[in-house]
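Have a look at the structure below before the remarks.
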Amino acid sequence: MYVILLGLPGAGKGTQAARLKAQTGLAHVTTGELFRENIRRGTELGRKAQPFVESGRLVPDEITIGMLLDRIRQPDCGRGCMLDGFPRNLEQARALDTALAADGKRIDKTVYIRVPTEELVGRLAGRWNCRGCGAVYHEVNQPPRAAGVCDNCGAQLYQREDDKPQVVRTRLQVNVEQLQPLLAHYRGQGKLLEIDGLRDVDAVTEDLGAVLAA
Ligand code: ADP
Ligand code: AMP
């Protein structure tokens, strides 16, 4: 099953994908994390992506699409995967449709996690991520048991540089602009499902599980 989690930055895609991964065994593919990993390792792709990621702009399609298609052809995506952060625009959506079709595959479901923009700034400002296992926390909504330490694996938590308010503004603006055409694309294919991402994390997980099982 190929599932796309759509939603603005901070909507809860990563939080929910981590939970669904444990429930379904589907791989969690996140382009943001692929870029951050390449930047940390200093690869050529990372060097090209870095200025875009740091300023909150979209990395150009000619870099992003190839990276994502390579990733979903890895063996752990053989049964499908959950896409988080991709596609971010119509060109990416069309490239994904074409590439999957060439392999006799297709997107099964697209779930839009709907959260108003006003809520997102506070979610991103309070977000803490785990370096070890990728778990996501929030200093108020979902605090770890010990400040700065991951409950799951004990690794140190960190705050993303691009979660600072100035970059967040650019990220939200860029993503809001691209969202409606993307929603229209998947609505037109009859694949768009929508859930209320303002509910608490457990309630969102339940709703997501229900729409994916339907
Ligand atoms: P995304 O992957 O869509 O950018 P994240 O999953 O990283 O979003 O979540 C962004 C922040 O919001 C994190 O700090 C997370 O703990 C918090 N969060 C996620 N889901 C909820 C929710 N349903 N209610 C309140 N806070 C949430
Ligand atoms: P995210 O972790 O999804 O918030 O993404 C972090 C950053 O990575 C974004 O602000 C972009 O610079 C870049 N990025 C992630 N996914 C994409 C994508 N599909 N297309 C272009 N840039 C992306």
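What's counted below: heavy atoms across the whole structure, side chains too, no hydrogens, waters or symmetry copies. Remember, it's 1-based here, ligands and their atoms both numbered in the order they're listed.
- Counting the atoms of ligand 1 from 1 in the order shown, those under 4.0 Å from a heavy atom of Ala11 are 3 (O), 8 (O).
- Of the inter-residue distances, the one linking Ile107 atom CD1 with Met1 atom CE reads 11.0 Å to the nearest 0.5 angstrom.
- Where the criterion is an N or O separation shorter than 3.5 Å, residue side chain and backbone included, Val59 meets it with respect to ligand 2.
- Looking at Asp202 and Arg19, a side-chain N of the basic residue comes within less than 4.0 Å of a carboxylate O on the acidic one, giving a salt bridge.
- Side-chain atoms of Tyr137 come within 3.5 Å of backbone N or O of Asp151 as a donor-acceptor pair.
- Backbone and side-chain nitrogen or oxygen atoms of Arg127 are examined, and none is located within less than 3.5 angstrom of a nitrogen or oxygen of ligand 2.
- Under the 3.5 Å distance criterion, with hydrogens and angles disregarded, no donor-acceptor pair is assigned to the side chains of Asn141 and Arg123.
- The shortest N or O to N or O distance between Gly85 and ligand 2 is under 3.5 Å.
- Annotation for ligand 1: atoms under 4.0 Å from non-hydrogen atoms of Asp200 are 23 (N).
- For the salt bridge (charged side-chain N to carboxylate O under 4.0 Å, His left out) criterion with Asp163, the lone passing option out of Arg36, Arg169, Arg127 is Arg127.
- The shortest separation from a heavy atom of Gly7 to ligand 1 is not under 4.0 Å, leaving the residue out of contact.
- Ion pairing between a basic and an acidic side chain is recognised when a charged N comes within 4.0 Å of a carboxylate O; Glu33 and Arg160 show no such pairing.
- For the residue pair Asn89/Glu177, the side-chain donor-acceptor check at 3.5 Å is not satisfied.
- Judged by the shortest distance from any of its heavy atoms, Glu139 lies outside the 4.0 Å radius around the atoms of ligand 1.
- With a 4.0 Å heavy-atom cut-off, ligand 2 is reached by the side chain of Arg160 but not by its N, CA, C or O.
- By the 3.5 Å distance cut-off applied to N or O atoms, Leu124 is not counted among the residues near ligand 1.
- The heavy atom nearest to atom 20 (N) of ligand 1, out of those in Arg160, Arg123, Lys13, is found in Arg123.
- In the vicinity of Pro9, heavy-atom distances shorter than 4.0 Å reach the ligand 1 atoms 4 (O).
- Below 3.5 Å of separation, one finds no N or O of Gly126 facing any N or O of ligand 1.
- Any N or O atom pair closer than 3.5 Å counts here, and Gly12 shares at least one such pair with ligand 1.
- Counting only heavy atoms of the protein, atom 20 (N) of ligand 2 lies nearest to Gln92 NE2, 2.9 Å.
- The proximity of Val201 to ligand 1, defined as any non-hydrogen pair under 4.0 Å, involves the side chain as well as the backbone.
- In terms of modelled atom types and a separation under 3.5 Å, the side chain of Lys48 and the main chain of Val59 share no donor-acceptor contact.
- Residue contact check: Thr15 has heavy atoms under 4.0 Å from atoms 5 (P), 6 (O), 9 (O), 15 (C), 19 (C) of ligand 1.
- Polar contact with ligand 1: present for Gly10 (N/O pair, distance under 3.5 Å).
- Residue-ligand proximity, Phe52 to ligand 2, at heavy-atom distances under 4.0 Å covers atoms 12 (O).
- If you check each of Met67, Arg88, Lys13 against atom 9 (C) of ligand 2, the one with the closest non-hydrogen atom is Arg88.
- When Gln142, Gln16, Arg199, Arg127 are ranked by how near their heavy atoms come to atom 15 (C) of ligand 1, first place goes to Gln142.
- The N/O atoms of Trp128, backbone and side chain alike, include none that comes under 3.5 Å of an N/O atom in ligand 1.
- Salt bridge present: Asp207 and Arg199 bring a charged side-chain N and a carboxylate O closer than 4.0 Å.
- Taking every heavy atom of Gly197 and a limit of under 4.0 angstrom, the matching atoms of ligand 1 come to 23 (N).
- Taking only nitrogen or oxygen atoms, main chain and side chain alike, Asp84 does not reach within less than 3.5 Å of ligand 2.
- When non-hydrogen atoms are compared, ligand 2 lies under 4.0 Å from neither the backbone nor the side chain of Glu33.
- With respect to Asp162 and Lys164, no salt bridge is recorded, no charged nitrogen being found less than 4.0 Å from a carboxylate O.
- The atoms of ligand 2 that sit less than 4.0 Å from any heavy atom of Arg57 are 11 (C), 12 (O).
- Applying the 4.0 Å criterion to heavy atoms of Arg36 picks out, from ligand 2, the atoms 2 (O), 6 (C).
- Heavy atoms of Phe35 found under 4.0 angstrom from ligand 2 belong exclusively to the side chain.
- Within the listing of ligand 1, atoms 14 (O), 16 (O) sit less than 4.0 angstrom from a heavy atom of His138.
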